[in-house]
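We use all heavy atoms of the structure for the numbers below, so side chains are in, but hydrogens, waters and symmetry mates are not. Order of the sequence lines fixes the chain letters, A, B, ..., with proteins taken first and strands second; residue numbering starts at 1 for each chain. It should be emphasised that the depicted structure is a prediction, and the values quoted were computed from it without experimental measurement.
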Protein chains: 2
Amino acid sequence: MVNENFTATEQKIIEAAQLEFSEKGLSGARMQSIADKAGINKALLHYYYRSKDKLFEVVFKMLFRSIIPRVEEILNKEIDLFEKIRIFVETYINLIQSSPQIPMFIMHELSSNPKRLSQMVALAGLNVEKSPLKKQLDELIASGKIRPIEIEQLMINILSLCIFPIVAKPISMTVLYNGDEKAYQQMIEMRKKSVAEFVINAIKNTDYEELT
Amino acid sequence: MVNENFTATEQKIIEAAQLEFSEKGLSGARMQSIADKAGINKALLHYYYRSKDKLFEVVFKMLFRSIIPRVEEILNKEIDLFEKIRIFVETYINLIQSSPQIPMFIMHELSSNPKRLSQMVALAGLNVEKSPLKKQLDELIASGKIRPIEIEQLMINILSLCIFPIVAKPISMTVLYNGDEKAYQQMIEMRKKSVAEFVINAIKNTDYEELT
DNA sequence: ATATACCTTAACCAATTAGTTAAACTGACT
DNA sequence: AGTCAGTTTAACTAATTGGTTAAGGTATAT
């Protein structure tokens, strides 16, 4: 996850910081605690990253930059849309599951400081309107194979279904499963397949076969 | 929103605190800032609520208790499932839209302190498995009108689709709409109808009419 | 060998901030 | 007139915490 001409110590720091920031947020995080987690001392921590804010900036940008390419790669692949949705959902849920605090971290900090994002998006060069995915989607709609839907709505629907249940783990686990961790994990596991089918059914045009 | 044998000052405090906690989280919130927002002074703030933690507890519980009953009410109504989904989605998105920081607030604080929730759920007496909604859903599945789906999965899907786009406003607005606030608002507006149709299409059994 | 980059210890400063206290004011109710 | 809850002002404390500094340790490379 962490790489890119970083020394071992820098890596330890970044990982520790990522964990601490995810758990506590920017204001809740403690430099001492980050140092402890990284197995170093506060002086060294400041030796590498002048201030908490600078460190935060680095961690945040790195995370963001590590996610976007993976998403784009799948979305612009030249495969059948339904297959693409299946692969995306499975890959993405796995990704979030492997570091479940990250979406919360990103969302929370962006929500208290929205400016942070704009530069990064510009930097990442994202543009949904001009993506191959949009073209693919529009063709399928034109041919009547799927119901009309805007690409933005489809994307946000898929992302919602993947991210929310994991970000809101305490809520879903407690409210839906009375705190049963296993039942919750089982649900997430099922979702790696079921979310894609849910989405596909939602957009598939059922009149199509008759029309052909 | 705030009520329940509170004096005017208490109400002002609660409202101010809710706002501050939502924006900044527990650790980021400042008692002085809450006092300012409430138009009172710090001494009086502490006069009413001994400590930041106590105040937080009160605000948090209140919010939680104000949401659950509204959700339950709709879900247990005796109306057609599809109609119920339509009403729920519209009502719920409106609810979140009117105080968009609240879900983030709840999610973030639960995520850094999951224990908080268990008591509250017990207190609210929620039980999805025994809800009228589950009975209704199972009957429709048995009759073949809708595809098999667990009530937990359906619920989390609906909640995801309603909550996430609003909680993740900075992300969706920036990434999907290049920061265009109006386009974003328009999307949310559309979702009040489209999410329900999306869900209904996803679960509706298309073979049903032929079978009848 | 000595310079240089990395690292530790430990003490320290300055700022922020939760929470307290005391003294005084206000207005309603008795 | 007097009591009392609610309120203000302002000064204070005690703790936390971000950040600094100085002195010294260790390795590797030149």
Is any N or O donor-acceptor pair between the side chain of A/Lys52 and the base of D/dG19 shorter than 3.5 Å?
no
When all nucleic acid strands are considered with a 4.0 Å heavy-atom cut-off, which category describes B/Thr9: base, sugar-phosphate, or nothing?
sugar-phosphate
Proximity to the side chain of B/Ser51 - top-ranked nucleotide from C/dG19, C/dT8, D/dG19:
C/dG19
Whole angstroms only, please: what is the NZ-P distance between A/Lys12 and C/dC6?
14 Å
Return the value, rounded to whole Å, for the distance between atom OH of B/Tyr48 and atom P of C/dA18.
20 Å
Once you round it to whole Å, what is the distance between P of C/dA15 and CD of B/Gln32?
18 Å
Is the centre of the B/Phe56 ring less than 6.0 Å from the centre of the B/Phe105 ring?
yes
Taking atom C1' of D/dG25 as reference, at what distance in whole Å does atom CG of A/Asn41 sit?
12 Å
Which nucleotide wins on minimum distance to the side chain of B/Ile40, given the candidates D/dG6, C/dA5, D/dT8?
D/dT8
What's A/Tyr49 touching, base or sugar-phosphate or nothing? Going by heavy atoms closer than 4.0 Å.
nothing
Proximal nucleotide (of C/dA10, D/dA5, C/dG19) relative to the A/Ala43 side chain:
C/dA10
Check the distance between D/dG6's C1' and B/Leu45's CG and give it to me in whole angstrom.
14 Å
Out of D/dG19, C/dA5, C/dT8, which has the shortest distance to the side chain of A/His46?
D/dG19
Could you state the CE-P distance from A/Met31 to C/dC13, rounded to the nearest angstrom?
21 Å
Rounded off to whole Å, could you give me the CG-to-P distance for the A/Leu44 and C/dA5 pair?
15 Å
What nucleic acid atoms does B/Ala29 come within less than 4.0 Å of, heavy atoms only: base, sugar-phosphate, or nothing?
sugar-phosphate
